[in-house]
> 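Just dropping this structure here.
In what follows, every chain begins at residue 1, and chains take the letters A, B, ... in the order their sequences are listed. Keep in mind that what you see is a predicted model, and the values were worked out from it rather than measured.
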Number of protein chains: 2
Amino acid sequence: MTDQGTRRPTRQRAALADELAGAAEFRSAQDIHASLTASGTRVGLATVYRNLQAMATDGEVDVIRTGDGESVYRACATAQHHHHVVCRVCGHTVEVTGDAVERWADAVAAEHGFSEVRHTLEIDGLCADCAAR
Amino acid sequence: MTDQGTRRPTRQRAALADELAGAAEFRSAQDIHASLTASGTRVGLATVYRNLQAMATDGEVDVIRTGDGESVYRACATAQHHHHVVCRVCGHTVEVTGDAVERWADAVAAEHGFSEVRHTLEIDGLCADCAAR
DNA sequence: TCAATAATGAGAACCGTTGTCAAACGGAGG
DNA sequence: CCTCCGTTTGACAACGGTTCTCATTATTGA
């Protein structure tokens, strides 16, 4: 399993984990900090950023960059490698896996002499609800 | 073909196009501005940003976001939809197309009720030269 | 309980990018 | 060729998300 290193449990980290557990969409650090503060939990913005990063490198949360360069976080359901389909309107997200794609990426890269290949793939569209207006 | 709208040809825009035509890797606006300045071409940074954006929306250049949220630009060889395999060390880039992936993305999204699907896919690794140190 | 050390918080600093607005420029008409 | 008008430019301020600083607070092992 993912190694948390020597991280100490703190009130702030717990609140952050709770907040993430309750949301199904990707949210920005600022957004999370705001709702934490709104719900009466005193936490510093820097702390939110720090913990979010730590959780991300430990694989506890997924991070993706929005079009305008903002990082958004989400507690992922599975620890295994997967991708996301995000609704452009409401943010509703579903996780998908596709071995075929992973293999294709590796193959096409290898074909051009590349090794140690990684990739990022994000899919977005209109979810059924939002498409129905 | 791509519509350039009512854009006027200017010395700055031409220099920018030249600079891009000469580079095979993705470069940041600041980087491009620096080398333009270094080579004696007086151009404002804001102008570089503005033109880069305009060229991007006109499909004249490709833009991707680096891991640290910086936008990097590159004159693309083909106007058609494609993806990139970028070397993490030297930035060497090759363009690849893969109908299978496009179809997979659309299919998996549709499967979950999504419509008007779009996607972003970037692949990175070590090119042959850099792998050989 | 105590000392050692990691985590926190408030605010400053950073840095890429965008906005502002007066001056310079390009082009169509005269 | 000259003028007028809308476009583009450039210097610099402003922005916004993220990171850094460092003194203070909390946690842990002894």
> Could I get the full list of side-chain hydrogen bond (donor to acceptor under 3.5 Å, both in side chains) partners for B:Thr78, not counting sequence neighbours?
B:His82
> Does anything in residues 14-36 of chain B come within less than 4.0 Å of DNA chain D? Heavy atoms only, and list the residues if so.
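The stretch gives none, as no residue of it lies under 4.0 Å from the strand.
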> Which residues in residues 40-50 of chain A have at least one heavy atom lying under 4.0 Å from any atom of DNA chain C?
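Heavy-atom cutoff 4.0 Å gives A:Arg42, A:Val43, A:Gly44, A:Ala46, A:Thr47, A:Arg50.
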> Kindly list each side-chain donor-acceptor pair under 3.5 angstrom involving residues 121-133 of chain A, sequence neighbours excluded, with atom names and distances?
from: A:Asp124; atom 1: OD2; to: A:Arg88; atom 2: NH1; distance (Å): 2.5
from: A:Asp124; atom 1: OD2; to: B:Arg118; atom 2: NE; distance (Å): 3.3
from: A:Asp124; atom 1: OD2; to: B:Arg118; atom 2: NH2; distance (Å): 3.1

> What residues form a side-chain hydrogen bond (donor to acceptor under 3.5 Å, both in side chains) with A:His119, not counting sequence neighbours?
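Partners of A:His119 under the side-chain hydrogen bond (donor to acceptor under 3.5 Å, both in side chains) test: A:His81, A:His83, A:Glu102.
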> Expressed as a whole number of angstroms, how long is the span from B:Asp68:CG to C:dC15:C1'?
10 Å
> Hey, where on DNA chain D does chain A first and last touch, going 5' to 3'? Cut-off is any atom under 4.0 Å from a heavy atom.
D:dG17 to D:dT28
> Pairs in or reaching into residues 103-115 of chain B: which pass side-chain hydrogen bond (donor to acceptor under 3.5 Å, both in side chains), with residues at least two apart or in two chains?
none
> Listed by chain and number, what are the side-chain contact (heavy atoms from CB on, under 4.5 Å) partners of A:Thr57, not counting sequence neighbours?
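Here no residue qualifies.
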> Applying side-chain hydrogen bond (donor to acceptor under 3.5 Å, both in side chains), name anything that partners A:Asp68, two or more places apart in sequence or on another chain.
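Here the qualifying residues are A:Thr66.
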> What one-letter contact string describes nucleotides 24-30 of chain C from 5' to 3', where B marks a base within less than 4.0 Å of any protein heavy atom, S marks contact via sugar-phosphate atoms alone, and - marks no contact?
-BBS---
> Rounded to the Å, how far apart are B:Leu52 CG and C:dT17 P?
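Rounded to the whole Å, the gap is 9 Å.
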> Give the table of side-chain donor-acceptor pairs shorter than 3.5 Å for residues 48-55 of chain B, with sequence neighbours excluded, one pair per line with atom names and distance.
from: B:Arg50; atom 1: NH2; to: B:Thr47; atom 2: OG1; distance (Å): 3.3
from: B:Asn51; atom 1: OD1; to: B:Arg13; atom 2: NH1; distance (Å): 3.2
from: B:Asn51; atom 1: OD1; to: B:Arg13; atom 2: NH2; distance (Å): 3.2
from: B:Asn51; atom 1: ND2; to: B:Thr47; atom 2: O; distance (Å): 3.2

> Show me the side-chain donor-acceptor pairs of residues 14-28 of chain A shorter than 3.5 Å, one per line, residues at least two apart or across chains.
from: A:Glu19; atom 1: OE2; to: A:Arg27; atom 2: NH1; distance (Å): 2.9
from: A:Glu19; atom 1: OE2; to: A:Ser35; atom 2: OG; distance (Å): 2.9
from: A:Arg27; atom 1: NE; to: A:Asp31; atom 2: OD2; distance (Å): 3.0
from: A:Arg27; atom 1: NH2; to: A:Ser35; atom 2: OG; distance (Å): 2.9
from: A:Ser28; atom 1: OG; to: A:Asp31; atom 2: N; distance (Å): 3.0

